[in-house]
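First the structure, in the form of structure tokens, and then the observations on it.
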Amino acid sequence: MLIKKASDIPSSEITPKSIYMNRRSFLSGAAAFAAGMTMLGCEMVKPSEVVHANTKLTTVKSQFSTTEPETPFKDITNYNNFYEFSTDKYGPADLARNFRSRPWKVKVGGAVAQKKTYEIDDLMKLAPLEERIYRLRCVEGWSMVIPWVGFSLSNLINQMQPTSKAKYVKFTTLMDMTQFPGQRSQVLDWPYTEGLRMDEAMHPLTLLTFGLYGETLPNQDGAPVRIVVPWKYGFKSIKSIVSIDFVGSEPATAWNTAAPNEYGFYSNVNPNVDHPRWSQATERRIGEFFKRKTLIFNGYGDQVASMYNGMDLKKYF
Ligand SMILES: Nc1nc2c(c(=O)[nH]1)N[C@H]1C(S)=C(S)[C@@H](COP(=O)(O)O)O[C@H]1N2
Ligand SMILES: [Mo]
């Protein structure tokens with residue numbers, strides 16, 4: 001498998017120079033600046049304000065963050081899997097430029113006492129936004145370290161009051177061929193869907209995600225809202241979500257439907273269970289030359305392994 005490194009492309013070639021220069025100065029002082037702003041209580045989102053992509057977000061730090069070096073912003077935003085735009089990883093950055101992430105509603109329903117359709121800017125205010133620096137391991141064998149912004153999905157689930165019938169949560173991406181050129185091809189069964197078991201959805205590591213690098217999500221990374229499930233292969237971290245449904249049985253998911261023998265429902269990162277067409281034992285961290293060993297549950301085993309006690313992880317891959 002051929003993997004070009006996004007880091008080989010100078011940022012000046014792929015983004016307008018002003019944005020690039022701006023970004024560099026923003027990143028260099030980001031930590032100190034963000035800390036100062038948080039203390040002053042500045043940059044809070046006021047109810048009447050419209051939030052656009054590239055809006056800075058005020059965050060608190062999280063105990064769940066890794067201390068590994070973060071993958072550069074230009075790699076996170078130029079090397080993407082987002083099949084609604086393109087199957088080429090360098091495609092979404094450009095094709096997503098005019099994507100409309102506002103206005104945006106997220107419909108939450110199914111087996112819950114409190115069905116509700118949220119305006120995205122209200123949903124973002126449900127709990128304090130945290131910076132969560134997570135490893136993301138793509139099933140294809142590359143990984144990144146991404147400083148996401150969001151809060152545990154459990155904050156939303158608790159508000160909805162799921163009934164005893166709710167055993168799984170199903171997530172659905174926007175269907176819109178006028179904005180997603182990739183949806184005109186049959187590469188997947190659109191709209192993209194994903195699912196988690198209730199305990200996985202409630203796990204504090206499961207992040208309802210609105211931003212990265214301290215600002216709202218770039219379109220190519222799933223604006224305006226996605227989930228991030230750091231112990232599972234990247235495709236479980238579904239982008240640009242429009243509905244969340246509580247259901248009684250395991251929902252069909254896009255990749256499992258497309259190739260059930262290759263992509264299981266669980267898709268926990270596991271170096272001991274190979275993909276039928278390649279090994280999962282190692283990975284290439286974007287920006288690094290040597291491959292590194294892939295960790296069971298992507299290194300989050302201490303927190304999540306107990307959810308799978310007694311399960312045959314080769315059968316439930
Ligand atoms: N709707 C949707 N969500 C998606 C995908 C996609 O094609 N469509 N790709 C997945 C895959 S395979 C990966 S590895 C991650 C990549 O996220 P990133 O581009 O922000 O790094 O998004 C996941 N979420
Ligand atoms: Mo992926």
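All heavy atoms count here, side chains included; hydrogens, waters and symmetry mates do not.
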Legend entry - Single-linkage hydrophobic cluster F317~Y266, side-chain heavy atoms < 4.5 angstrom: no

Inset, instruction - Please state whether the rings of W255 and Y263 are parallel, tilted or perpendicular, taking 30° and 60° as the class boundaries. - result: perpendicular

[X]: which residues meet the ring pair (Phe, Tyr, Trp, His ring centres under 6.0 Å) condition with it, sequence neighbours left out?
X    : value
F64  : none
F210 : F151
F82  : F85, F180

If you compare all heavy atoms of [X] against all heavy atoms of [Y], which two are closest, and at what distance to 0.1 Å?
X    : Y    : value
Q220 : T77  : NE2-O, 2.8 Å
P218 : F73  : CG-CZ, 4.3 Å
L205 : R132 : O-NH1, 3.8 Å
M124 : L129 : O-CD2, 3.8 Å
A281 : S279 : N-OG, 3.0 Å

Are any side-chain N or O atoms of [X] and backbone N or O atoms of [Y], one a donor and one an acceptor, separated by less than 3.5 Å?
X    : Y    : value
T71  : I146 : no
Y233 : N270 : yes
T206 : E200 : yes

Inset, instruction - Report the distance from atom NZ of K239 to atom OG1 of T209, rounding to the nearest 0.5 Å. - result: 11.5 Å

Inset, instruction - Ignoring hydrogens and angles, state whether a donor on the side chain of Y308 or W231 is under 3.5 Å from an acceptor on the partner side chain. - result: yes

Legend entry - Any donor-acceptor N or O pair under 3.5 Å, side chains D176, T178: yes

Non-hydrogen side-chain atoms of [X] and [Y] separated by less than 4.5 Å:
X    : Y    : answer
T173 : E84  : yes
L153 : L207 : no
V108 : K115 : no
K105 : V242 : no
P271 : I296 : yes
L174 : Y192 : no
R135 : T66  : yes
W190 : T172 : no

Hey, is [X] close enough to [Y] for a salt bridge, meaning N to O under 4.0 Å?
X    : Y    : result
R292 : E288 : yes
E130 : K61  : no
R197 : D199 : yes
K107 : D245 : no
E140 : K89  : yes

Inset, instruction - Answer yes if the ring centres of F265 and Y168 are under 6.0 angstrom apart, and no otherwise. - result: yes

Inset, instruction - Inspect the surroundings of CG in N98 and state if more than 12 heavy atoms from other residues, nucleotides or ligands are less than 6.0 Å away. - result: no

Inset, instruction - Give a yes or no on this: more than 12 heavy atoms of other residues, nucleotides or ligands lie within 6.0 Å of atom CE of M177. - result: no

Legend entry - Inter- and intrachain pairs under salt bridge (Lys or Arg N to Asp or Glu O under 4.0 Å), touching residues 252-269, at least two apart: E262-R277

Legend entry - Step-by-step salt bridge (charged side-chain N to carboxylate O under 4.0 Å, His left out) determination, E215 to K56: CA-CA 4 Å; E215 56 187 74; K56 282 183 191 170; over 6 Å; no

Inset, instruction - Considering only Ile, Leu, Val, Met, Phe, Trp and Tyr, and joining two whenever side-chain heavy atoms are under 4.5 Å apart, list the other residues clustered with V145. - result: I133

Inset, instruction - Quick one: list whatever passes side chain to side chain contact (heavy atoms under 4.5 Å, CB included) with S143, sequence neighbours left out. - result: R137, E283, R285

